[in-house]
Amino acid sequence: MRSAFSLLITAVLALGLVGCAAPAATSGGEGSASGSCPSASAQLADLDLVEDVRTETGGSTACLPDHAIDAVADDTAPSLPVTVTDAEGHEVEVTDVDRILAIDISGTIASTVFALGMGENVVGRDSSTTFDGTEDLPVVTKTGHSLNPEAILELAPTVILTDTTIGPKEVRQQLRDAGIPVVIISDELRLETTDQLITEVATALGIPSRGDALIAQVDEQLEAALAEIAPVVPADEADRARMLFLYVRGSANVYYIFGKDSGADALIEAVGGIDVASEIGWEGNKPMTAEALVAAQPDVLVMMTDGLESVGGIDGLIERVPAVAETPAGANRRVIDMADGEILSFGPRSPEIVRAIARALYAPASGETAE
């Protein structure tokens, strides 16, 4: 059964392809675009669009208008205590939200806490939380994504919001044993689960009305982003970009294809592309094989910026993974990259993430080049 989110994408694209009024601007960040991404706030219709999205050449970087998180207008005070059943089935009572620690692999939980207007209560961060206002917060993760229990205990958090993407679980239990309420948030980060994420975080902090307001805000912005993209999506499916998300870490010799239900598929679908990994039956995140890559025949590879840099850019990727050269994406050196902490973080930044990928796909000159 198709998700409600997929149906929304289909409906908006259909409206766009039969003609629609000029879409309203999204209500994302108010700040101006950085010098390295001067058109990040521009509407797609106002940019120099490619003639054929399947044969465009060269790399492009998807970037956000700014790195700020705008807080929702609702400032209802937390209603505490609150008891929640978290994603692992633990019943957790939260009595104090004055010192919040929100940590996961992508920085999404922290961005949600800030969007809910509770950023001033956050006392630490993970290494992926790098948006504006978090620069001076102490990092409590070691080697990227491992929890440092000593650093956490020193901060004396009154509640910890985390998920299973960061651990180990023994440390999470150690923190519970120390008397800290630890709420595990669902870690299936996708465009279609953004509302659930916001609800879980807002409920745990005793601010459900703020959660409802943020959901309404993000849903409105996402619908506006999809409406902005729809008119530039080729009407004929055969003319749409065939896209594949490739996760790499060259130093560790790690190469993964993200397929159906990975989150990358919904992102590709949202910009009017065809997720070729799903097309060949690739589910979830699995190690890449040359056979799968060649069978998929992507026109465009979508990657994390650090991952692309770890293999020496596009030329290095083709050298390390010869199968890339056997695809249209390799032949055209067509790679879209985006910052690791943004591209699949979703949450309150979902609408702008979708718009950024769309700009890099349909108007690649609007952002940085990948090299």
Side-chain angles (χ1 to χ4, degrees), residues 69 71-72 74-129 131 133-134 136-142 145-189 193-215 345 347-348:
I69 301 292
V72 71
D74 188 319
D75 60 357
T76 305
S79 178
L80 300 170
V82 62
T83 300
V84 297
T85 301
D86 71 11
E88 286 190 327
H90 300 107
E91 190 172 276
V92 184
E93 183 181 37
V94 179
T95 61
D96 186 344
V97 294
D98 286 344
R99 299 183 63 80
I100 302 168
L101 188 57
I103 43 180
D104 68 334
I105 199 171
S106 61
T108 305
I109 298 177
S111 69
T112 304
V113 172
F114 272 71
L116 289 167
M118 299 292 286
E120 292 184 357
N121 296 34
V122 175
V123 296
R125 66 182 176 93
D126 53 66
S127 57
S128 295
T129 296
F131 52 82
T134 63
D136 297 330
L137 293 174
V139 177
V140 298
T141 51
K142 297 184 296 185
H145 307 301
S146 296
L147 297 174
N148 183 335
E150 293 79 14
I152 292 174
L153 291 171
E154 285 180 5
L155 295 176
T158 56
V159 61
I160 295 175
L161 305 178
T162 188
D163 63 21
T164 58
T165 65
I166 200 166
K169 64 180 181 179
E170 291 78 12
V171 172
R172 296 197 296 270
Q173 187 57 50
Q174 180 182 346
L175 298 170
R176 292 189 188 97
D177 293 341
I180 304 171
V182 178
V183 180
I184 305 299
I185 305 298
S186 299
D187 59 11
E188 294 186 353
L189 293 181
T193 60
T194 297
D195 290 0
Q196 177 185 343
L197 166 74
I198 294 171
T199 296
E200 290 184 26
V201 173
T203 300
L205 297 179
I207 47 175
S209 70
R210 295 197 199 188
D212 292 340
L214 182 57
I215 287 171
S345 63

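Since we're looking at a predicted model, the values are computed, not measured. Note: hydrogens, waters and symmetry copies are ignored here, and every other heavy atom, side chains too, is used.
Atom CG of Leu161 is separated from atom CD1 of Ile103 by 9.0 Å, given to the nearest 0.5 angstrom. A distance of 10.0 Å separates CG of Asp86 from CD of Glu91, quoted to the nearest 0.5 Å. For the atom pair Ile198 CD1 and Thr203 OG1, the distance stands at 11.0 Å (nearest 0.5 Å). Note: Thr199 OG1 to Asp212 CG = 6.5 Å, rounded to the nearest 0.5 Å. Here the straight-line distance linking atom CD1 of Ile215 with atom CZ of Arg210 works out to 14.5 Å at 0.5 Å rounding.
The backbone N or O of Asp104 lies less than 3.5 Å from a partner atom in the side chain of Asp126, making a donor-acceptor pair. For Arg99 (side chain) and Ala156 (main-chain N/O), a donor-acceptor pair under 3.5 Å exists by modelled atom type. In this structure a side-chain-to-backbone donor-acceptor pair under 3.5 Å is present from Arg125 to Thr134. Without hydrogens or angle criteria, Thr85 side chain to His90 main chain gives no donor-acceptor distance under 3.5 Å. In terms of modelled atom types and a separation under 3.5 Å, the side chain of Thr193 and the main chain of Glu188 share a donor-acceptor contact. With hydrogens and angles disregarded, a donor-acceptor distance shorter than 3.5 Å links the side chain of Glu200 to the backbone of Ser186.
The number of heavy atoms from other shown groups lying within 6.0 Å of CD (Glu150) is above 12.
Residues Ala202 and Gly211 approach most closely at CB-CA, 3.6 Å, considering heavy atoms. Smallest separation of non-hydrogen atoms from Ala102 and Ile109: CB-CG2, 3.7 Å. In plain terms, the two heavy atoms of Gly347 and Leu197 that are nearest each other are CA-CD2, 3.8 Å. Listed here is the closest heavy atom pair of Val94 and Pro181: CG2-CB, 4.5 Å. When all heavy atoms of Ala204 and Val183 are compared, the pair lying nearest together is CB-CG1, 4.1 Å. What you find for Ile100 and Val113 is that their closest heavy atoms are CD1-CG1, 4.3 Å.
For the side chain to side chain contact (heavy atoms under 4.5 Å, CB included) with Pro157, the lone residue among Leu101, Val97, Val140, Val122 that qualifies is Leu101.
Among pairs with a residue in residues 107-117, those fulfilling side-chain hydrogen bond (donor to acceptor under 3.5 Å, both in side chains) read Ser106-Thr108, at least two apart in sequence or across chains.
Listed by chain and residue number, Asp74, Thr76 satisfy the side-chain hydrogen bond (donor to acceptor under 3.5 Å, both in side chains) test with Ser209 (two or more places apart in sequence, or in another chain). Applying the side-chain hydrogen bond (donor to acceptor under 3.5 Å, both in side chains) rule to Asp177 yields the partners Gln173; only residues at least two apart in sequence or on another chain are considered. Remark: Arg176 pairs with Glu88 by the salt bridge (Lys or Arg N to Asp or Glu O under 4.0 Å) rule, at least two apart or across chains. Scored by the side-chain hydrogen bond (donor to acceptor under 3.5 Å, both in side chains) test, Thr83 finds no partners at all (sequence neighbours excluded).
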Steps toward side-chain contact (heavy atoms from CB on, under 4.5 Å) verdict (Ile184, Thr162): CA-CA 5 Å; Ile184 305 299; Thr162 188; 3.6 Å; yes
Stepwise side-chain contact (heavy atoms from CB on, under 4.5 Å) check, Met118 with Ile207: CA-CA 10 Å; Met118 299 292 286; Ile207 47 175; 3.7 Å; yes
Worked verdict on Val123 versus Leu137 for side-chain contact (heavy atoms from CB on, under 4.5 Å): CA-CA 6 Å; Val123 296; Leu137 293 174; 5.7 Å; no
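Side-chain contact between Val159 and Asp96 is absent, with no heavy atoms from C-beta onward closer than 4.5 Å. Within the 4.5 Å cutoff, the side chain of Leu153 has heavy atoms near those of the Ile180 side chain.
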For residues 165-172, run the donor-acceptor check on the side chains, cut-off 3.5 Å, and write out each pair with its distance to 0.1 Å, sequence neighbours left out.
residue	atom	partner	partner atom	Å
Thr165	OG1	Ile105	N	3.1
Thr165	OG1	Asp163	OD1	2.5
Arg172	NH1	Ile166	O	2.7

